[in-house]
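The chains referred to below are lettered A, B, ... by the order of the sequence lines, with proteins before strands, and numbering in each begins at 1. Values below: all heavy atoms of this structure, side chains included; hydrogens, waters and symmetry mates excluded.
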Amino acid sequence: MGDQQPMPDGGKPLPAVRFLFKYDQSKVRLVSRQPLMMLVPPSDPLQGLEGLAGFWYELRDKTGRTIYRRVARNPIQHHVEVHEEGAASPRRRLIDVPSGVFTIVVPDLPEAQVLALCSSPFTKSYGPVADLATFPLHTSA
Amino acid sequence: MSTADGQVGATEKIIDNGANELRWNLVLLADGYRAVELPLFAQHAQDFATTLLATPPFDKLKSAINLFRVNVSSTDSGADDPIACGGPGVVARTYFDASFCNDGIERLLEVDTAAALQLAGQVVPQYAMVLVMVNSPTYGGSGGSVAVFSQAVGANEIALHEMGHTAFGLADEYESWAGCGVDTDHDDQHQPADDKVARPFNDPAAAHHRKRGLLKMRSAAESSAFRNRRRLRRSALLPLRRIQAGVQL
């Protein structure tokens, strides 16, 4: 590591929360939440994605307004990449019964009331994104 | 066959570029290493670190990266290798229950992902990605929430490939429809047009790139780990570059 450039510590870690989910086909269950301090990516644009396919997660305030959004690789895997020795690229195979776990990290925003996972439907039509699951962030709310 | 088949030992920071709160933290977990084999894991982890830091584009981003090695011992060496996929039928009692032949696919090496993520969260809460190194000479690996790879020659590439997905936010549709991987059972007829898919941004400035199409990234394309990813958006590198530059994401 001796040849690297020195790195200024100008960044500022922020309060954040890591959520761990389990999924079984299209059902998603929140397993745990872990508060932490770390660099958190900025929000992606809150507008302009209407009607698109894909996956994102977002935070909403008490009025339902989206206040943070991250477009991401869909963590609910309906296929696996199979890496074969010597092959130029992995092959993809569909999974019969998707199940697994994944995590996301969001900023711990005081005004956030709901965490929403938003995904295209799990069909071959790749339709527009809609709510897959929502989770209240404050049980007393 | 479970976390009862091993023990969690020390966590070593083998690439240290600063406070975890300010860096992109990789956590490397051992599976299928008996306690007496943990020095071997240390060597394998160091070899991986060397490969990582020599691989574009990580070589240019190294000061943004921390790498941790977690010394997890297992009762047995190796991984399950069922007869069903042509393996010798080995059953190894390991902490993360590594096994080949998942979904009936010989080279698909997977572990107990929940156990790996939970342990990573305990030892390095700010982890960005979790890798599990399996002590098997048989080629195999897998991606997803946790990248898994064996100790076969070239298997490091699996981890680097998966890191590309995590570090650069490459989406499924990108891989599937733009050259990273060959679909064997995908329904191509129903793919949406490129401008109908929300792709990971990594930076708001990427928005206009989305309208203009994907940009070439020579350094990524030069890497063997990314050799089939001909077009990688320049914006995808921004998060690590910003960490490297010490600015707030």
Nearest 0.5 Å please: distance from the CD atom of Glu81(A) over to the CG atom of Leu108(B).
10.5 Å
Take Arg93(A) and Asp103(B), measure what side-chain contact (heavy atoms from CB on, under 4.5 Å) needs, and give me the verdict at the end.
CA-CA 9 Å; Arg93(A) 292 275 301 271; Asp103(B) 289 299; over 6 Å; no
For Gln47(A), is the CD atom crowded, meaning more than 12 foreign heavy atoms sit under 6.0 Å from it?
no
To the nearest 0.5 Å, what is the distance between OG1 on Thr103(A) and CE on Met129(B)?
11.0 Å
Rounded distance (nearest 0.5 Å) linking atom CD of Glu21(B) with atom CE of Met37(A):
7.5 Å
Scanning both residues in full, the closest heavy-atom pair of Arg23(B) with Leu39(A) reads N-CD1, 4.4 Å
Filtered by a 4.5 Å non-hydrogen cutoff, the part of residues 111-120 of chain B contacting chain A is Thr113(B), Ala114(B), Leu117(B), Gln118(B)
Return yes when atom NZ of Lys27(A) has more than 12 non-hydrogen atoms of other residues, nucleotides or ligands closer than 6.0 Å, and no otherwise.
no
Rounded to the nearest 0.5 Å, how far does OG of Ser145(B) lie from CD1 of Ile104(A)?
11.0 Å
Residue pair Val80(A) / Glu110(B): nearest heavy atoms and the distance that separates them
CG1-OE2, 4.2 Å
Residues in residues 15-22 of chain A near chain B [non-hydrogen atoms, under 4.5 Å]
Arg18(A), Leu20(A), Lys22(A)
Nearest-0.5 Å distance, CD of residue Gln34(A) to CD of residue Gln126(B)
8.0 Å
